[in-house]
Colleague: 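For reference, the structure I am asking about is given below.
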Amino acid sequence: MSYDEYARELSAALGAAGRSVWAKHDWDSGGWLPLWRHMGDSAGTAAYLWDEWLAPQVRARISEALPRGEADGRRLAVWLAMVHDIGKATPAFACQVEGLAEAMRSQGLKMGSAAQMGKDRSLAPHGMAGQLLLVAWLQDNGWSKRAAQQIGAVVGGHHGVPPSDADLQDALAHRELLYGSASTDAWQRVQRELLDAAASACRIREHLDAWSPVKLPQPSQVLLSALVIVSDWIASNASLYPYFQRTGTAADGRVSRALKQLGLPGRWRPRLPQGSAQDVFAARFSWDEGTRVRPVQEAALAAARAMDEPGMLVIEAPMGEGKTEAALVAAEHMAAVSGAGGCFVALPTMATSNAMFSRLADWAGSLEGIDGSASVFLAHSKAALNDDYTGLPFAGAESADDVERDAAGSRGGGLAAHWWLRGRKKGMLADFAAGTIDQLLFAGLKSRHLALRHLAVAGKVVVIDEAHAYDTYMNTYLDTVLAWLGAYRVPVVVLSATLPARRRRELAEAYCQARRGSPEFDAVEKVQGYPLLTSAVPGGAPQVEAVEASGRRTEVQVEYLDDDPDALARRLETELAGGGCALVVRNTVKRVHATARVLRDRFAGTGVEVSVAHARFVDLDRADKDRELLAAFGPPATVAELGGHRPQNPRIVVASQVAEQSLDIDFDLLVTDLAPVDLVLQRMGRLHRHLRGQGQSERPEGLRTARCLITGADWGQQPPEPDAGSQFVYRRYPLLRAAAALDAHLSAEDGGNTIGGTVVLPDDIDRLVQGAYGPDPIGPSEWQEELGQARESHGIEQAAKADQARAFLLNPPAKPGRSLIGWVNAGVGDTDDSPRGRAQVRNAGESLEVLLLQRRRDGVLTTLSGLGEGRGGIELPTDFAPSEEVGRIAAASAVRLPFPLVAPWVIDRVIDELEQNLLPAWQDKDAHWVAGELLLVLDEDCRTRLAGFDVHYTHQDGLEVTDGH
DNA sequence: AACAAAAAAAAA
Ligand SMILES: [Fe+3]
Ligand SMILES: [Fe+3]
């Protein structure tokens, strides 16, 4: 049956009254669509999506419990798409457009005017009405109410939120909204006629009896919901499915035409990667002759090959062992086994997502089994500012005129961003996506159109990078999402360099939907080894395997240093006497600025350059800073590529945590504040990262041994007292545990000498991480009392975080047969756009981002002067929307306001004052770069006052705020 | 009355 047939069969089966029911209307053009037409469009679209677009593993999941498997799955899906708007065949809906209502009245469907129906109408929105009608119809066909509700809720939820029981009761209590006045049964006859015709057109009549006892698993129900929503959205796109201007408009081939114009990309049909690990990796990543596969990579592919069912693979290995490549190859194999049609890689930040996006696209380009072109998506809020993403060709065509041109243009295949597969809710439906972990965690947040987010991940393999980097709050979401992924049989690859054993166990338990602390998972926590692979398949026994390391090591001499800026300055003077580059990592921006100030004083006129790096810069400056760091301290190839050079004179970079993240930069000497031990290790990774001459002989003589000075605590106390700001950021307990783990490690090394010792990377990573995060006491006995107290209050605090996270947390999958009624109830909706009403997948206090602009002395508004590449000082219009080009610069001039301006007792005043700057002309829809953004306008000296504070911005030091009182 | 980095915000 072709995709165009559904509407024809419907209209043939309906009488004049049934055909008179309308579904869509456009006030501007006066165009409209009858319900039967929208039913046919939606069904045809759903059938096409089932055949050509859904990943095999999604089809399998939907069909799992149905007696005839996928044939039943397709029938059920197409039928639900067809009947999704049956609730429009009610007085409550039909009365809304008087002209169309009048046509229905003349067919005997009596109803009052919209005004006569009054406010009650909102008690029976058409989704909910549809659920009630469908459930009643199924009951008439011999179904139990319970069985009917699991199907009905798909219709009830087609606008994103399945109704609650109470809502359904309220609607039922107003019979006249659904069935008109008690004196007529015309409405019920038409509703039955439409549903009967739909059942015949979808050939489901003969299957209804066999389906009635089925208990649909919730994953199937959610995926059916999502498919109905996607079909409806496509069928409701008026440029694909134009409205009619007259009754009886001929529309032959309308569905096939629309689907051709939509031009969804071809799927990836993954094949098992064949051959040796060496060959597979070399082919996927275009390795040159000399590159050898690493032991972890080889083992990861072997572990994936050993899993004969979809499962979770945890890869723990040090930075620089090719974990990402290992994950992608494992993902390819797992995709072929499970029938995935794509891959999502989740990362902690937008910056790492951007970097991953290019790698993912390269990898996807090398895959076999991609027919036509595949769609790629960069999933985070600032993707539009990323040139790698926006530079991609766009596939498909929004207007019919473009179809021919595009069909010619995209014949070459390859990767493209698809015009329809973009935006917050649809973008993740693309085949290959890289993005922030938030995009994955949203699948665990009760919110509108949640089913779409589930469909987006249910068809893929999911890779979770930097799994150690998430806090208790986010982990609460992650665990719930993993439970759903396990239920969807979505293969998952988890990556980490520093994963606490307890967390490893929790991840595996979550995915397998096992109880916390299930004894089968003891081995996952107790196993020792690094690198380490863990594989888990729901219902099976988890496997663990230690892997040989690849051999690169760095010995780091560790020394404790008092927390005194002057002492630090004196020390650096000595250390850098013979040249060299030092990195000083501070835990707060305040300390970064304070340290930089002292050092600049000290080194003024000596040729020693001091610079800062932190996140309190506008995006464009931050990107420049990162580039400058890479051009000076990156690996030789990168330095050459960026046209930079490693400084000859001594250099000091004072940085916040931005330096511990993804940047591949290398210093001769490291000074760091005491931080949680995984972060200390991460920072140590910036030390002698690249080989510079035999035995590091190209480094200054005194700095050829890697050395790390740890400060940011009063080491004289027992236990050491971490800096107050550090405690605020990281909490006291993890800092004390870090100090204790280091102490235990170093004193074991050299027999009780607590002045310092050696940490070997990567050999000591596992021991330090497990020591710091394990359950056992660690550190000197005199510290234990303090540690015990810190542990207790930390436990309470973390439990509170987990509790907060649960406020909008989705439940794990319920028993099969439980309908989706109330699935996202008490959720956040998406109507509340005020900064405060938004529930989050991250636990953060208030924050405000502003666009930093400048006003010249002559009163003209401009972009910030001094921005690189000629972006600075460009005039901005105030009475109309800025151009595309300048708007983008303004949007990339965002900076987050520091704490003093967003403290709970200040933020309201700050927002009030910033709202004074809003430009009405910039709120227009053609001002999409800047609409809704708060503007902070600086004077010609880059200063301003805000809420009683002095605000100052420099390209050198970023945003500084001082109390102006 | 103290604070990293981090994310995000349109449907049928
Ligand atoms: Fe609808
Ligand atoms: Fe619809």
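Each chain gets a letter, A, B and so on, in the order its sequence line appears, and its residues count up from 1. In what follows, every heavy atom counts, from backbone to side chain, and hydrogens, waters and symmetry copies are set aside. Keep in mind that what you see is a predicted model, and the values were worked out from it rather than measured.
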Colleague: Can you tell me which nucleotide in dA12(B), dA5(B), dA8(B) comes closest to the side chain of Trp233(A)?
Modeller: dA12(B)
Colleague: Classify the side chain of Arg842(A) versus the base of dA8(B) as yes if they form a donor-acceptor pair under 3.5 Å and no if they do not.
Modeller: no
Colleague: Answer yes or no: does a side-chain N or O of Ser381(A) lie under 4.0 Å from OP1 or OP2 of dA9(B)?
Modeller: no
Colleague: Roughly how many Å is it from CD1 in Ile229(A) to P in dA12(B), rounded to a whole number?
Modeller: 9 Å
Colleague: Please give, in whole Å, the distance from dA5(B) P to Phe617(A) CZ?
Modeller: 10 Å
Colleague: Counting N and O atoms only, with roles assigned by atom type, does the side chain of Trp32(A) sit under 3.5 Å from a partner on the main chain of Leu100(A), one being a donor and the other an acceptor?
Modeller: no
Colleague: Looking only at side-chain atoms of Met350(A), point me to the closest of dA11(B), dA7(B), dA12(B).
Modeller: dA7(B)
Colleague: Hey, which sits more toward the 5' end of DNA chain B by its nearest nucleotide, Glu933(A) or Ser656(A)?
Modeller: Ser656(A)
Colleague: Check whether any side-chain nitrogen or oxygen of Arg731(A) sits under 4.0 Å from OP1 or OP2 of dA4(B), and answer yes or no.
Modeller: no
Colleague: Taking any heavy-atom pair under 4.0 Å as a contact, classify His158(A): base, sugar-phosphate, or nothing.
Modeller: nothing
Colleague: From CZ of Arg586(A) over to C1' of dA5(B), roughly how many Å is that when rounded to an integer?
Modeller: 18 Å
Colleague: Would you say dA11(B) has OP1 or OP2 under 4.0 Å from some side-chain N or O of Lys426(A)?
Modeller: no
Colleague: So, do His159(A) and His449(A) have ring centers that fall under 6.0 Å from each other?
Modeller: no
Colleague: Polar atoms only, N or O, under 3.5 Å: list the protein pairs with nucleotides 1-3 of chain B and their distances.
Modeller:
residue	atom	partner	partner atom	Å
dC3(B)	OP2	Lys590(A)	NZ	2.4

Colleague: Would you say His449(A) places a side-chain N or O within less than 4.0 Å of OP1 or OP2 belonging to dA12(B)?
Modeller: yes
Colleague: Does any N or O donor sit under 3.5 Å from an N or O acceptor when you compare the side chain of Arg896(A) with the base of dA7(B)?
Modeller: yes
Colleague: Quick one: are the ring centres of His84(A) and Trp233(A) less than 6.0 Å apart?
Modeller: no
Colleague: Phosphate oxygens OP1/OP2 of dA8(B): is one of them under 4.0 Å from a side-chain N or O of Gln439(A)?
Modeller: yes
Colleague: What is the distance from CD1 of Ile437(A) to P of dA8(B), rounded to the nearest Å?
Modeller: 12 Å
Colleague: Any side-chain N or O of Thr436(A) below 4.0 angstrom from OP1/OP2 of dA8(B)?
Modeller: yes
Colleague: Spell out yes or no: do the side chain of Ser847(A) and the base of dA8(B) have one donor N/O and one acceptor N/O closer than 3.5 Å?
Modeller: yes
Colleague: Separation of Tyr241(A) atom OH from dA12(B) atom P, in whole Å?
Modeller: 18 Å
Colleague: What is the distance, rounded to the nearest whole Å, between atom NZ of Lys88(A) and atom P of dA12(B)?
Modeller: 10 Å
Colleague: Mind checking whether Tyr733(A) and His794(A) have parallel, tilted or perpendicular rings, split at 30° and 60°?
Modeller: tilted
Colleague: Salt bridge check: are Glu797(A) and Arg732(A) linked by an N-O gap of less than 4.0 Å?
Modeller: no
Colleague: Just compare dA8(B), dA12(B), dA6(B) and give me whichever is closest to any side-chain atom of Ser236(A).
Modeller: dA12(B)
Colleague: Any side-chain to backbone donor/acceptor pair from Asn475(A) onto Tyr470(A)? Under 3.5 Å, distance only.
Modeller: yes
Colleague: If I take atom NE2 in residue His126(A) and atom P in nucleotide dA12(B), what distance separates them, rounded to the nearest angstrom?
Modeller: 9 Å
Colleague: Name all residues meeting the side-chain hydrogen bond (donor to acceptor under 3.5 Å, both in side chains) criterion together with Ser122(A); count only those two or more places apart in sequence or in a different chain, and write none if there are none.
Modeller: none
Colleague: Distance check needed: dA5(B) P versus Asp471(A) CG, whole Å only.
Modeller: 16 Å
Colleague: Determine whether Asp471(A) and Lys801(A) satisfy the following criterion, salt bridge (charged side-chain N to carboxylate O under 4.0 Å, His left out), listing intermediate values before the conclusion.
Modeller: CA-CA 9 Å; Asp471(A) 62 16; Lys801(A) 295 280 180 210; over 6 Å; no
